[in-house]
Visitor: 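Dumping the structure here so I can ask a few things about it.
Protein chains get the first letters and strands the later ones, always in sequence-line order, with residue 1 at the start of each.
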Number of protein chains: 4
Amino acid sequence: MQNTDGLQRSETAPDRSLAVPDRLLSVATRLFAEHGFERTSVQELVAAAGVTKGAMYHYFTSKDDLLYAIYQRVLSMQMQRLNGFAAAEGPVRDRLREAAVDVVHTTVDNLDDTRIFFRSLHMLSADRQTAVRKERRQYHERFRAMIEEGQSQGVFRTDVPADIAVTQYFGAVHHLSTWYHADGELTGTQVGTYFADLFLAGLRPEAAAG
Amino acid sequence: MQNTDGLQRSETAPDRSLAVPDRLLSVATRLFAEHGFERTSVQELVAAAGVTKGAMYHYFTSKDDLLYAIYQRVLSMQMQRLNGFAAAEGPVRDRLREAAVDVVHTTVDNLDDTRIFFRSLHMLSADRQTAVRKERRQYHERFRAMIEEGQSQGVFRTDVPADIAVTQYFGAVHHLSTWYHADGELTGTQVGTYFADLFLAGLRPEAAAG
Amino acid sequence: MQNTDGLQRSETAPDRSLAVPDRLLSVATRLFAEHGFERTSVQELVAAAGVTKGAMYHYFTSKDDLLYAIYQRVLSMQMQRLNGFAAAEGPVRDRLREAAVDVVHTTVDNLDDTRIFFRSLHMLSADRQTAVRKERRQYHERFRAMIEEGQSQGVFRTDVPADIAVTQYFGAVHHLSTWYHADGELTGTQVGTYFADLFLAGLRPEAAAG
Amino acid sequence: MQNTDGLQRSETAPDRSLAVPDRLLSVATRLFAEHGFERTSVQELVAAAGVTKGAMYHYFTSKDDLLYAIYQRVLSMQMQRLNGFAAAEGPVRDRLREAAVDVVHTTVDNLDDTRIFFRSLHMLSADRQTAVRKERRQYHERFRAMIEEGQSQGVFRTDVPADIAVTQYFGAVHHLSTWYHADGELTGTQVGTYFADLFLAGLRPEAAAG
DNA sequence: TATGAATGAGCGTTCATTCAT
DNA sequence: GATGAATGAACGCTCATTCAT
C-alpha cells in the first residue's frame, strides 16, 4: 500500500526505514505503474531503492519474482477484505453493497497495484499467470456467491447470470486505474457509492427487461 | 477486423493476398495480443508476416508506429459505429441500448485490438498516448451525451452523474478481453444483451437508492 | 564552388536551374561538409537535391562515387590555378608569394570542399584514395619545384628541405577549414597575405638558425 | 601514449595485462586511426580488445564516450607539456622554440591520436565537440601568449597577429598525421627542428615584408 | 549478506543498393 | 531516364542474470 496518500511522486527517495525486500517491493510498485514492467530496468529499480543488484537477487530470484510478489500482496489483501464483508451479519443486499463500495475504495487507494495488475499480467511466467488467475477466480466466486445468495432469496433478478454481473462490476473497478485521479473531484468512497448504486439498481428484480 | 471468426491461431500463415502494410497490421495485431507488444520482436513480426525488416520500415517508421496504426484503426471503427447509433431515429433509451449491445459485440469480434488497447497504451510515445486519449475521450463524450439526453427527458435517473455511468460501462466492456472466449457458452450479442440489460436497469429513475 | 558568398545556409533549396548531376554534387558538398560523409544518408541527399534515388544512381554508381567526384572537382581546380602562377613570368619569390596567397583565398572560398577533403579521405575506396593522394602529391611537387627553383637561385634558404616547407605550408592551409569563418574579421586574402608573409620570411636565407 | 614505437600493426593482440578500460582505449585509438571512427564497429572493437560488448558498456556509456575519452587523454597530455615549456625560465624565444619542437615530437609519437582528433571531431556529440573546442582554444591561447610576450619585448615581429602565427603553426603540426611515417627518413625531433626553424625565422622582426 | 564486473543473446533501427516497371 | 518498393546485412546498444570475491 505504497503511496497511500494518493500523490504520485516521481522522485521520491526510498523509505530507508523499510527492510530491503519491502523497499524493493514499494519502489517496484511505483516504477512498474509509472513506466510499465518492461520499461523498468533492474538497474533503475535497485538505484531507486538504494540497494545493489546483488541484494535484490538475494531476496528475489528474478524480476518476474518481484512482479509476482506484488500480485500476491494485492491478491491476499483484496481477498481478506472481501471475506470480511461476505462473512458479516445482515441482509445480503447490504453486505454486497458494502463489499462493492469497499472494493472501489481499496482499488483507488492502491491504484498503482491495480494498474500493474491488468497491464502486466502477461509478463508473468506461464505458471504464475495460472496461479494468479486461479486466485483471482476464487475472489470472483466469493463475490458471485453473494449475488447467488440474493438471487435464491428473491432479492436479486435471476434473468441475468450472476457471473455476468460480477464480471461487469469488476471490469468497471479494474478500469478505475485508467481514469481515476486522486486529485480529481470525487473521493474513492464517492465513486464506490455511485458504482454500487448503479450495480445494485441493475440487480433489482423489478428492473428486469426495461 | 482480422480474426472475425474469433479463433486464436498461433501459427497461421499470413494472408499473402493482402498488401504488405495490411499484412503487417494484421499479423502485428495477433502477435501483440498474444505475447504483448514488448515481447513481440520486430524480427518475429516480419517473419510471421513474410516480409523483410526493410519492407516494414518502408511503411512504418517504427514499431511504435505500427502499434499506433492499430489504435487508429480500432478508434475510427468504434467511433463510426457509435455515431451511427447516436444519430439514428427513435427513443434515446432504445438507441442507447443498441449502442451498448453493439459495443460489446464489436469488442468481442475484435478482442485482439481491445486486448492491445488497454495493455499497451503505455508503450506508445507520449505524443501518441495523448492523441489516443483525446480520441477516446471524444468517444466517451458521444456516449455520455446520449445518457444526458435521457436524463433531461426524465428517462434516466439523475442522481448518478452520466460520466460515472459511462465509465462504469466501458470499464466492463474493456475488461471483456481478459475473460471472454469465443468458444465459450455465450455469443458476443448474448453478453451484450445482458450487459445492456444491467446497464439500463441501473439507469432507470425509480431504481434510485435501492 | 557552391556557397560562393560564404554564407552557410542549412535549409537552402537546391538550385533547380542546375542539371541533376551538378545539383547533386552541390548539395552533397554542403551536406558532407555540414554533417560528415557518413552521417549523410543517400535518402537525405536526394531529398535535399530534389531528385529520386533512382536518378542519383543513374548518374553516380555509388555514394562513394559522389564523394570522389567532389574530390576531382577540387583537385583539378587547385592544380589549374597553381599551374597559372607557376608558369607566369617574373621572379620566383613573387610567383611563390602569389601562389601562396591564392591557395588560401581559394581554400577560404571553398571551405566546404576542404573540410570534406581532409575529413573524409579515409571513406573513399582504397583505389580512389590512392588516386587522390597521387594527384595531391603532384600538386605538392609543383609547389615544391618553385621553392627549389628559388633555392638554386640563392633566393631561399637551403638548410631546410623544400619538402618540409611545402608540407608545413599546406598543413596550415588545410587547417583553415577547422577555424576560418567567412563572417569573421579577416577576408581570405588578408589571411593569405599574412600566411604568405610568414612563409616567405621563414624561407629567407639570412633567417636561418635564429 | 600507445604505439610508442611508431609501428602500425593491424592484428596486434591486445595487451592482456592492461585493465579493461585501458585496453579498450588503446585498441580503439588504433582502430579509429586505421579505419576511422564510423568504420570501426563496436563489435570489431571489443573483439580486438578481447572483451565483450557488455564489458565495454560497463565502462563507457557509448561509442561516442570512448571517442571522447581518447580526446581527453590527448588534450590533457598536450596541455601539460605546453605548460611545462611556457612556465620555464629563459628567453621567450628559446621557450617557444622548445615548445614548438616538442609539440611536433609528441604529435609524431601519438600520430593515431592526432589522426583521430581532426578526422573525427565532427562525430562527437554537440556538447562534447564544444567541450573539446574549448580546451583546444585554451591550448592555443597558452601558445599565443608566448608569442605576444615576445612581441611586446620586441623579439618577434608585430605586423602579423600572434593568432595567425599560432594557427598556421598548429595547422602544420596537425597535418603531420596525414603524411608523416615513423619509418621514413626523418625522426620526429628532426621534423620538429625544421618546423621550429621556419616558424621562428618567420617571426623575426627584420624578416617583415620580404 | 552483499558486491559489481562481466556476460551474451537479443533488441529496434538504418541504409546503400538493386531491380521490376 | 527515372521510379520507389524491397532487400539484407550490419549497426549501436540494452539488460536480466551470474559469480568470484
Visitor: A side-chain contact here means heavy atoms from C-beta on lying under 4.5 Å apart; do A:D65 and A:Y59 qualify?
Guide: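 No. Closest side-chain heavy atoms not under 4.5 Å.
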Visitor: Are any of B:H58's side-chain N or O atoms less than 4.0 Å away from OP1 or OP2 of F:dA5?
Guide: yes
Visitor: Provide, to the nearest angstrom, the distance between the CG atom belonging to D:L24 and the C1' atom belonging to E:dA5.
Guide: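 One finds 13 Å between C1' of E:dA5 and CG of D:L24, rounded.
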Visitor: Donor-acceptor pair, distance only, cut-off 3.5 Å: does the side chain of C:S41 make one with the backbone of C:E44?
Guide: yes
Visitor: Mind calculating the distance between CG (B:D65) and P (E:dG12) to the nearest angstrom?
Guide: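 These atoms are roughly 15 Å apart.
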Visitor: Check whether any side-chain heavy atom of A:N110 sits under 4.5 Å from a side-chain heavy atom of A:V74, and report yes or no.
Guide: no
Visitor: With side chains defined as the heavy atoms from C-beta onward, is the minimum distance between C:D112 and C:F32 less than 4.5 Å?
Guide: no
Visitor: How far does the C1' atom of F:dT21 sit from the matching atom of E:dT1, given to the nearest Å?
Guide: 12 Å
Visitor: Using whole Å, what does the distance between atom P of nucleotide F:dA10 and atom CG of D:L45 come to?
Guide: 17 Å
Visitor: To the nearest Å, how far apart are B:Y59 OH and F:dG4 P?
Guide: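 One finds 12 Å between P of F:dG4 and OH of B:Y59, rounded.
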Visitor: Check the distance between E:dA16's P and C:Y68's OH and give it to me in whole angstrom.
Guide: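 These atoms are roughly 21 Å apart.
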Visitor: Of all the base pairs, Watson-Crick or G-U under 3.5 Å, which form stems of three or more consecutive pairs involving DNA chain F?
Guide: E:2-21 with F:2-21
Visitor: Rounded to whole angstrom units, what separation is found between the CZ atom of C:F60 and the P atom of E:dA16?
Guide: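 Atom-to-atom, C:F60 to E:dA16, this comes out as 15 Å.
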Visitor: Would you call D:T29 and D:R73 a side-chain contact if the rule is heavy atoms closer than 4.5 Å?
Guide: yes
Visitor: If we ignore hydrogens and angles and just use 3.5 Å, is the side chain of A:D64 paired with the main-chain N or O of A:S125 as donor and acceptor?
Guide: yes
Visitor: Do B:E135 and B:Y71 have side chains that approach each other closer than 4.5 Å (heavy atoms only, starting at C-beta)?
Guide: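 Side-chain contact under 4.5 Å: no.
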Visitor: For a 4.5 angstrom cut-off between non-hydrogen side-chain atoms, does D:L66 reach D:M56?
Guide: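 Yes, close enough: below the 4.5 Å cut-off.
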Visitor: Give me the one residue out of D:R115, D:E38, D:H35 that meets side-chain hydrogen bond (donor to acceptor under 3.5 Å, both in side chains) with C:H122.
Guide: D:E38
Visitor: For nucleotides 16-21 of chain F, read 5' to 3', which letter fits each nucleotide if B means a protein heavy atom sits under 4.0 Å from the base, S means only the sugar-phosphate is that close, and - means neither?
Guide: SBB---
